[in-house]
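Single-structure report; data block below.
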Amino acid sequence: MPTDYMYLMKCSKGEDFEQGQLNRYGNIELGPAAGVLNYGQAVYEGTKVHRKEDGRLLLFRPEQNAMRMKFGAERMCMPSPSIDQFVDAVKQTVLANKRWVPPPGKGSLYIRPLLMGSGQILGLGAAPEYTFLVYVSPVGNYFKEGFAPLNLYVEKDFDRASRGGTGGIKSITNYAPGLKALTKAKNRGFSDVLYLDSVNRKNIEEVSSCNIFIVKGNAISTPAINGTILPGVTRRSIIEIARDHGYQVEECVIPIDELIDADEVFCTGTAVGVASIGSITYEGKRIKFKTGAQTVSQELYSTLVGIKTGLIEDKMGWIVEIE
């Protein structure tokens, strides 16, 4: 949904970003030979702001997004804003669009920072100019199912990422290639796609746009960060919350066959939050998992949302209040 303002900041190759400014939300101008259009030189981030009952606006761990953008920019041969510049730009954009933040419990304001090679370059190479922009939109639930359990389909024909590639960063080039598999799965009645590793095609990696967790008793496991899996901010937060709640959390290789013994499965991400998975279909067999009240995913989700919305005391130092 178009909002009122967006933030823009530019710099040339070999230089640092300087002070940006707020502009009215609208189209941006790019030359036909812009690096982002021809060679996909761009990374993006995603975070949210929630409104408390008293009207205060709460950001969740924006410095983590800033650090991840810096890491991704380096991989894509781009300069990036400093941590402080990133967080300040997000704050300014939110305040300028304050009226678009939904009331408590009615949604959130999604924030999309985008860094791209906007300068023109015909030969393959790094663009001569870069643009950092931030825009926002009010959002509700990511999946059309709402809070209903998701049903995943294990993809065997397409890979999400390969070793040495860009699966571990939020490159814009990571997402369009997954549309084919996602469309195929949705046409068959599934919510999303679960990808396997591209080498052995037997180990769980990621859902299309979120990380995945497996629960067995008091143990929670999630695929280890190995260069092909995005280090999600929500993923990291859920790991820390789970350990604080007394669960044993392991980041490791998880063979697809281990799903048979799982009690629960859930996925995490900025857009989805914590989403319970009701079933996973693999090689024609549908494996069902525990969902609903009294589940581990619901417990962790409640704590995460409580911290994000100010209903639970933030003992982690994760919340940044915008004034």
Report task. State which residue, out of Lys170, Arg112, Gln64, fulfils the side-chain contact (heavy atoms from CB on, under 4.5 Å) condition with Glu45. Result -> Lys170
Query - Leu122 CG: over 12 foreign heavy atoms closer than 6.0 Å - result: no
Query raised in the report: About how many Å separate OG1 of Thr291 and CD of Glu264, when rounded to the nearest 0.5 Å?
Result: 8.5 Å
Report task. Check whether any side-chain heavy atom of Met9 lies under 4.5 Å from a side-chain heavy atom of Gln19, and answer yes or no. Result -> no
**Report entry** By ring-ring contact (aromatic ring centres under 6.0 Å, His included) - contacts of Trp318 (at least two apart)
**Finding:** Phe60
Query raised in the report: Should Val253 and Val154 be counted in the same cluster of Ile, Leu, Val, Met, Phe, Trp and Tyr side chains packed under 4.5 Å apart?
Result: no
Query raised in the report: Step by step, would you call Arg160 with Ser208 a side-chain contact (heavy atoms from CB on, under 4.5 Å)?
Result: CA-CA 8 Å; Arg160 177 193 167 271; Ser208 292; over 6 Å; no
Query raised in the report: Between OG1 of Thr281 and NZ of Lys288, what distance do you get to the nearest 0.5 Å?
Result: 10.0 Å
Query raised in the report: So, do Leu109 and Lys48 sit near enough that their side-chain heavy atoms are less than 4.5 Å apart?
Result: no
**Report entry** Flag side-chain contact, heavy atom, 4.5 Å: Ile220 against Glu250
**Finding:** no
Report task. Starting at OG of Ser276, measure out to OH of Tyr301 and round the result to the nearest 0.5 Å. Result -> 12.0 Å
**Report entry** Asp84: partners by side-chain contact (heavy atoms from CB on, under 4.5 Å), with sequence neighbours left out
**Finding:** Ser82
Requested in this report: Indicate the atoms forming the closest heavy-atom contact of Met69 with Pro81, along with that distance.
Outcome: SD-CD, 4.5 Å
Query raised in the report: What's the verdict on side-chain contact (heavy atoms from CB on, under 4.5 Å) for Leu115 and Phe17, showing C-alpha distance, side-chain angles and the deciding distance?
Result: CA-CA 11 Å; Leu115 174 64; Phe17 279 97; 3.6 Å; yes
Query - Sub-4.5 Å side-chain heavy-atom contact between Val215 and Val265 - result: no
Query raised in the report: Which residue pairs pass the side-chain hydrogen bond (donor to acceptor under 3.5 Å, both in side chains) test with at least one member in residues 114-132, sequence neighbours excluded?
Result: Lys10-Thr131, Gln41-Tyr130, Ser118-Glu129, Ser118-Thr131
Query raised in the report: Going by atom types only, do Arg286 and Ser279 share a side-chain donor-acceptor pair under 3.5 Å?
Result: yes
Query raised in the report: Using a distance-only test with no angle check, is there a side-chain donor-acceptor pair under 3.5 angstrom linking Arg61 and Ser237?
Result: yes
**Report entry** Pairs meeting criterion ring pair (Phe, Tyr, Trp, His ring centres under 6.0 Å) with involvement of residues 214-254, two or more places apart
**Finding:** none
Query raised in the report: Just how far is it from atom OG of Ser221 to atom CD1 of Ile214, taken to the nearest 0.5 Å?
Result: 5.5 Å
Query - Minimum side-chain heavy-atom gap Ser171-Met76 below 4.5 Å - result: yes
Query - Sidechain-backbone polar pair: Thr295 side chain, Gly292 backbone, donor-acceptor under 3.5 Å - result: yes
Requested in this report: Check ring-ring contact (aromatic ring centres under 6.0 Å, His included) between Tyr153 and all other residues, then give those that pass, not counting sequence neighbours.
Outcome: Phe190
Query raised in the report: Short question: side chain of Arg201, backbone of Leu196 - any donor-acceptor pair under 3.5 Å?
Result: no
Query raised in the report: Pairs in or reaching into residues 216-239: which pass salt bridge (charged side-chain N to carboxylate O under 4.0 Å, His left out), with residues at least two apart or in two chains?
Result: Lys216-Asp263, Arg235-Glu251, Arg236-Glu240
Query raised in the report: Minimum heavy-atom separation for Ser191 to Leu182, with atom names?
Result: O-CD1, 4.3 Å
Query raised in the report: If every non-hydrogen atom of Thr47 is compared with every non-hydrogen atom of Thr270, which pair is closest and at what distance?
Result: CA-CG2, 3.6 Å
**Report entry** Same apolar cluster: Val305 and Met316, side chain cutoff 4.5 Å
**Finding:** yes
Query raised in the report: Taking Thr228 for the side chain and Arg163 for the main chain, is one N or O donor matched with an acceptor at less than 3.5 Å?
Result: no
Report task. Check the hydrophobic clustering (I, L, V, M, F, W, Y; side-chain heavy atoms under 4.5 Å; chains of links allowed) and say if Val136 and Phe86 are grouped together. Result -> yes
Query raised in the report: Side chains of Asn174 and Thr166: do they bring a donor and an acceptor to under 3.5 Å?
Result: yes
Query raised in the report: Hey, is the main chain of Arg56 close enough, under 3.5 Å, to the side chain of Asp54 for a donor-acceptor pair?
Result: yes
Requested in this report: Kindly write out the residues that satisfy side-chain contact (heavy atoms from CB on, under 4.5 Å) with Asp157, not counting sequence neighbours, or none if the list is empty.
Outcome: Glu155, Lys184
Query - Student check: side-chain heavy atoms of Leu57 and His50 closer than 4.5 Å - result: no
Report task. Just do the side-chain contact (heavy atoms from CB on, under 4.5 Å) check on Val94 and Ile111 with the steps written out, would you? Result -> CA-CA 8 Å; Val94 169; Ile111 306 163; 3.6 Å; yes
**Report entry** Contacts of type ring-ring contact (aromatic ring centres under 6.0 Å, His included), residue Phe213, not counting sequence neighbours
**Finding:** Phe266
Query raised in the report: Can you tell if the side chain of Asn65 reaches within under 4.5 Å of the side chain of Val233, non-hydrogen atoms only?
Result: yes
Report task. Answer whether the closest heavy-atom distance between the side chains of Lys52 and Pro104 falls below 4.5 Å. Result -> no
Query raised in the report: Rounded to the nearest 0.5 Å, how far does NZ of Lys156 lie from CD1 of Ile256?
Result: 9.5 Å
Query raised in the report: Applying ring pair (Phe, Tyr, Trp, His ring centres under 6.0 Å), which residue pairs with at least one partner in residues 92-114 are found, sequence neighbours left out?
Result: none
Requested in this report: Decide whether Ile212 and Tyr195 are clustered together by the hydrophobic rule: side chain heavy atoms of Ile, Leu, Val, Met, Phe, Trp, Tyr closer than 4.5 Å, transitively.
Outcome: no
Report task. For side-chain contact (heavy atoms from CB on, under 4.5 Å), just list the numbers for Val49 and Ile322, CA-CA rounded to whole Å, side-chain angles, deciding distance to a tenth of an Å, and then say yes or no. Result -> CA-CA 9 Å; Val49 66; Ile322 303 179; 4.2 Å; yes
Query raised in the report: Minimum heavy-atom separation for Asp314 to Ile307, with atom names?
Result: OD1-CG2, 4.0 Å
Query - Within one Ile-Leu-Val-Met-Phe-Trp-Tyr cluster: Tyr282 and Ile254, side-chain cutoff 4.5 Å - result: yes
Query raised in the report: According to the salt bridge (charged side-chain N to carboxylate O under 4.0 Å, His left out) rule, which pairs have a member within residues 85-107, sequence neighbours left out?
Result: Asp4-Arg99
Report summary line: residues 20-33 vs salt bridge (charged side-chain N to carboxylate O under 4.0 Å, His left out), sequence neighbours excluded, gives none
Query raised in the report: Rounded to the nearest 0.5 Å, what separation is found between the CG atom of Asp197 and the CG atom of Asn203?
Result: 4.5 Å
**Report entry** Nearest non-hydrogen partners of Ala73 and Pro79, listed with the distance
**Finding:** CB-O, 4.2 Å
Report task. Report the hydrophobic cluster partners of Ile28, with the cluster defined as I, L, V, M, F, W, Y residues connected by side-chain heavy atoms closer than 4.5 angstrom, directly or transitively. Result -> Met6, Leu8, Tyr25, Leu30, Val36, Leu37, Tyr44, Leu114, Met116, Leu133, Tyr135, Ile172, Tyr175, Leu230
**Report entry** Donor-acceptor contact present, side-chain Asn211 to main-chain Cys267, <3.5 Å
**Finding:** no
Report summary line: Between Pro231 and Ile225, the two heavy atoms sitting closest are CA-CD1, 3.7 Å
